[in-house]
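Quick note: residue numbers are just sequence positions, from 1. The basis for the numbers below is simple: all heavy atoms, side chains too, and nothing from hydrogens, waters or symmetry mates.
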Amino acid sequence: METFWFIAIAIVLAVFFVLDGYDFGAGIIHLFLAKTESDKEVIAKSAGLFWDSNEVWLVAAGGMLFMAFPTFYASVFSGFYLPLIDSFMVNYF
């Protein structure tokens, strides 16, 4: 059963990294190819559909990790509390 969950979490994380790579790629292309403001808007709008939806895969992987491997989840995510709270404060307040 652990092998199944390991493979499922790996697939979900792989999908996250592929979709997040699209966002990073659009940001890198933005630096080199966008000469005018309209070019910048076109590149930003092309990534706009995927900007927030790819984080769903990361949240799903965290939930699956909590369900399948709670001890590992506790040891890994306890180190991320400060960055998570900091990013929450910056984004929402």
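- Cluster annotation: Val59 is not connected to Met67 through the hydrophobic network of ILVMFWY side chains, with a link wherever side-chain heavy atoms come within less than 4.5 Å.
- The ring-ring contact (aromatic ring centres under 6.0 Å, His included) check on Phe66 picks up Tyr73, with sequence neighbours excluded.
- We find the CD-CD1 distance between Glu41 and Ile43 to be 11.0 Å, quoted to the nearest 0.5 Å.
- Shown here for Leu58 and Leu13, the closest heavy-atom pair between the two residues is CD1-CD2, 4.2 Å.
- Rounded to the nearest 0.5 angstrom, Ile11 CD1 and Trp57 CH2 are separated by 10.0 Å.
- Following chains of ILVMFWY side-chain contacts shorter than 4.5 Å, one cannot reach Val12 starting from Phe6, and the two form parts of different hydrophobic clusters.
- Taking CG of Leu31 as the start and NZ of Lys40 as the end, the distance is 9.0 Å to the nearest 0.5 Å.
- Among all heavy-atom pairs drawn from Phe69 and Glu2, the shortest one is CZ-O, 3.7 Å.
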